[in-house]
Asks: 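Submitted below is the structure of interest, expressed as structure tokens.
What's counted below: heavy atoms across the whole structure, side chains too, no hydrogens, waters or symmetry copies. Keep in mind it's a predicted model, so treat the numbers as computed, not measured. The chains referred to below are lettered A, B, ... by the order of the sequence lines, with proteins before strands, and numbering in each begins at 1.
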Protein chains: 2
Amino acid sequence: MRDAEGAEPDKSRGRRPTMEDVAARAGVSRALVSLVFRGKPGASAATRERVLRAADELGYRPDNAARLLASDRSRTLGVMLTVHQPFHGDLVEGIYPEAERLGYDVLLSATGPGRDERKAVEALLGHRCEALILLGPSAPAEHLDELGRRTVTVVIGRRAPGAHVDTVRTADAKGIRQVVDYLVELGHRDIVHIDGGRAPGAAERRRAYRAAMRRHGLGDALRIIPGDHTDEAGIAAGKTLLAEGRMPTAVLAGNDRCAMGLMHALRSSNVEIPRDLSVVGYDDVHLAHLWPFDLTTVRQNADGLAQHAVRCAVDRLEDGTVPPREILLEPKLVVRGTTGPPPDGRRG
Amino acid sequence: MRDAEGAEPDKSRGRRPTMEDVAARAGVSRALVSLVFRGKPGASAATRERVLRAADELGYRPDNAARLLASDRSRTLGVMLTVHQPFHGDLVEGIYPEAERLGYDVLLSATGPGRDERKAVEALLGHRCEALILLGPSAPAEHLDELGRRTVTVVIGRRAPGAHVDTVRTADAKGIRQVVDYLVELGHRDIVHIDGGRAPGAAERRRAYRAAMRRHGLGDALRIIPGDHTDEAGIAAGKTLLAEGRMPTAVLAGNDRCAMGLMHALRSSNVEIPRDLSVVGYDDVHLAHLWPFDLTTVRQNADGLAQHAVRCAVDRLEDGTVPPREILLEPKLVVRGTTGPPPDGRRG
DNA sequence: GCGATCTACTAGAGCGCTCTAGGACCGGTA
DNA sequence: TACCGGTCCTAGAGCGCTCTAGTAGATCGC
């Protein structure tokens with residue numbers, strides 16, 4: 001009965017080696033092993049070598065939990081993302097290398113159906129992340145403010161007015177203005193905006209659209225179809241437009257996915273893009289370049305956003321006196337194949 | 001000089017409350033607080049209530065690092081994914097709820113440029129994950145075997161012959177066979193396969209294609225274009241076919257992305273889909289339904305794969321005697337708009 | 001009125017690290 | 001010889017939890 005070791009789960013796999021084991025094997029103290037693994041000075045080259053060899057032979061791997069617990073710093077950044085936003089993928093790919101360069105670890109936590117932002121963030125905090133990087137959070141500014149006062153927090157992709165957080169985003173207003181200017185230049189007057197509803201950045205894009213239209217004296221032609229930053233919203237908007245029977249000459253979608261949904265919905269109609277309708281997206285997600293028609297869109301500099309976000313977080317972690325910043329990156333209109341002059345007879 | 005508190009990073013933010021603080025405030029011992037937070041019996045309802053209130057007032061949140069360190073179990077599953085594989089997104093969305101249901105935490109670690117699989121896995125192990133769930137790893141079977149002997153490991157989406165790991169995947173051979181049967185039934189004979197090279201699952205799909213073609217007496221018509229599970233591979237294959245000037249009547253791509261790339265490359269040619277060429281993908285990724293032409297493809301049951309993977313991991317964690325399993329899920333041919341009969345005069 | 005048996009709780013060791021304080025030994029200097 | 005400053009190393013406390021062993025007090029049977 002006493003020997004029923006096998007019954008206990010996992011005992012068979014054996015305890016993994018600890019720093020103590022490495023120390024014993026290398027014939028030094030635990031503290032010295034610690035020094036070596038942290039790359040701190042205070043160990044001779046020979047000893048260092050001996051320790052590393054011993055560790056390697058034992059298959060030793062430092063235990064993060066213990067390390068976290070013992071040190072006051074965790075050097076870990078928590079990233080909240082939505083696993084189905086391709087643009088978030090672009091951002092994550094930029095965050096990893098920058099964090100590594102600065103000596104930080106990265107933990108990802110995804111939102112999704114049945115897992116809201118609060119839950120995702122709690123998970124990160126529970127793992128001792130020192131700072132949070134939130135990709136396009138939809139939480140209200142007050143909530144972000146509360147978070148920001150508890151932990152260093154960086155928000156990517158939207159404004160968070162009044163909240164004690166860094167924000168890193170594209171100058172959306174400028175991007176939208178570029179699009180409207182470009183469309184007007186082509187001769188468009190009847191330019192509709194499918195907005196992003198309450199999605200991150202949507203409010204500002206909406207505002208910028210209104211302002212730009214007015215600036216061109218098109219205040220009357222201004223029209224916003226309520227939407228969202230999803231394919232479904234684009235499809236719905238497309239159906240709406242078809243049902244009305246009166247197409248605008250250009251549509252400025254809330255983001256690329258929405259633009260894609262729109263084009264999808266129009267696919268089986270007799271509306272041809274860009275002959276009858278110009279369509280512009282926003283984001284320039286990686287996958288967009290695969291579209292059968294190249295989407296004209298506004299590029300957000302994902303790598304730039306990612307790098308700035310990491311640096312904001314680290315700067316504030318390493319110097320508690322630095323206040324949160326607001327960083328704006330330049331958008332860039334990328335003209336491809338879904339835009340052109342309006343059909344004859346409908347010029348501005 | 002002695003009061004230069006503010007100079008130290010983050011000291012200003014103040015120590016976060018510990019179990020000790022909660023215990024003091026509730027007037028009980030630390031151990032009792034621990035009991036309450038773990039939902040274990042041994043505390044009266046009244047005390048339980050008092051403890052929870054105290055914790056709430058202090059904004060207490062249990063520290064995972066300490067919890068991990070103290071208990072022998074971490075109840076954490078580590079998931080390795082490629083952040084730009086939409087299908088991985090589908091899987092992650094299935095993994096979270098199932099893990100939560102079983103009382104496990106999930107940690108994500110992404111591969112990407114500059115961050116290979118080894119690195120991603122190391123990160124997970126360093127955070128004390130008890131089990132690894134690898135989404136379509138490309139590591140050789142021996143490497144997986146090594147990992148699997150160190151930690152409970154589940155591989156999703158490919159075979160790992162001889163490796164001490166669970167594998168959960170779709171019966172690819174069956175899926176491919178269904179596609180070939182369907183295409184032959186439509187009258188196709190000239191069916192080309194763009195393969196996935198060394199990508200997960202690719203070898204089996206390739207084999208299944210060969211077998212299916214032979215079974216229909218089409219061994220001579222058999223042709224494989226070397227590729228990959230990326231858009232680029234599809235584009236390249238498209239260019240190859242165009243350059244040759246002799247189109248097959250149907251193409252079976254390695255996966256949806258590859259199929260999309262292919263169609264993208266053919267878009268400006270005079271090859272019309274499905275009139276001149278039928279195209280079939282594989283995976284049925286979420287985004288596929290947005291395609292201007294609905295892609296005929298083979299659906300993998302992402303939720304099913306995710307759930308089985310989590311259960312495999314948990315089963316083996318909780319009972320060390322359970323051996324690794326190999327689970328096969330049924331694929332399902334989803335016929336949409338990119339396939340049809342071959343052009344007249346090219347029937348089989 | 002005594003031990004037995006609950007329930008409700010506490011003490012204290014220990015998880016695998018980090019980090020401060022300090023010790024041993026060296027060559028050089030007064 | 002005594003002392004210094006430097007390099008290389010060790011001892012030991014403690015991070016915030018979990019968990020085993022045990023205690024205090026109520027309830028109960030006889």
Asks: Atom CG of B:L68 to atom C1' of C:dG16: distance rounded to whole Å?
Replies: 12 Å

Asks: Specify the separation, in whole Å, of atom NE2 of A:H127 and atom C1' of D:dC17.
Replies: 15 Å

Asks: Check this for me: does any side-chain nitrogen of one of A:R25 and A:E57 sit under 4.0 Å from a carboxylate oxygen of the other?
Replies: yes

Asks: For the pair B:D145 and B:R149, find out whether any cationic side-chain nitrogen is under 4.0 Å from an anionic carboxylate oxygen.
Replies: yes

Asks: Among residues 38-52 of chain B, which contact DNA chain C at a heavy-atom distance under 4.0 Å?
Replies: B:G42, B:A43, B:S44, B:T47

Asks: Could you tell me how far apart A:R128 (CZ) and D:dC15 (C1') are, to the nearest whole angstrom?
Replies: 7 Å

Asks: Starting at atom CZ of B:R16, determine the distance to atom C1' of D:dC17, rounded to an integer number of angstrom.
Replies: 11 Å

Asks: In whole Å, what is the span from the CG atom of B:N64 to the C1' atom of D:dC17?
Replies: 10 Å

Asks: Whole angstrom is fine here: how far is it from CZ in A:R73 over to P in C:dC19?
Replies: 10 Å

Asks: Does some side-chain heavy atom of B:L132 sit less than 4.5 Å from a side-chain heavy atom of B:V79?
Replies: no

Asks: For A:R61, does the CZ atom sit with more than 12 other heavy atoms under 6.0 Å from it, leaving out its own atoms?
Replies: yes

Asks: Test A:S109 against every option in A:E117, A:H127, A:R115, A:E122 by the side chain to side chain donor-acceptor pair (under 3.5 Å) rule and name the one that passes.
Replies: A:R115

Asks: Between B:E318 and B:R311, does any side-chain N to carboxylate O distance fall below 4.0 Å?
Replies: no

Asks: Heavy-atom contacts under 4.0 Å between residues 53-61 of chain B and DNA chain D, which residues?
Replies: B:Y60

Asks: Let me confirm one number: the OG-CE distance from A:S29 to A:M19, rounded to the nearest 0.5 Å.
Replies: 10.0 Å

Asks: Rounded to whole angstrom units, what separation is found between the CG atom of A:L69 and the C1' atom of D:dC15?
Replies: 4 Å

Asks: From CZ of A:R67 over to C1' of C:dC19, roughly how many Å is that when rounded to an integer?
Replies: 13 Å

Asks: Distances for protein N/O vs nucleotides 10-13 of chain D N/O pairs under 3.5 angstrom?
Replies:
{"from": "D:dT10", "atom 1": "OP1", "to": "A:S29", "atom 2": "N", "distance (Å)": "3.3"}
{"from": "D:dT10", "atom 1": "OP2", "to": "A:S29", "atom 2": "N", "distance (Å)": "2.8"}
{"from": "D:dT10", "atom 1": "OP2", "to": "A:S29", "atom 2": "OG", "distance (Å)": "2.6"}
{"from": "D:dG12", "atom 1": "O6", "to": "A:R30", "atom 2": "NH2", "distance (Å)": "3.4"}
{"from": "D:dA13", "atom 1": "N6", "to": "A:R30", "atom 2": "NH2", "distance (Å)": "3.0"}

Asks: Looking just at side-chain N and O atoms, do B:R73 and B:Y104 make a donor-acceptor pair shorter than 3.5 Å?
Replies: yes

Asks: Hey, is B:E100 close enough to A:K119 for a salt bridge, meaning N to O under 4.0 Å?
Replies: yes

Asks: Check for a donor-acceptor pair, side chain of B:R316 on one end and backbone N or O of B:P323 on the other, with a separation under 3.5 Å.
Replies: no

Asks: To the nearest 0.5 Å, what is the distance between CG on A:D56 and CG on A:L58?
Replies: 9.0 Å

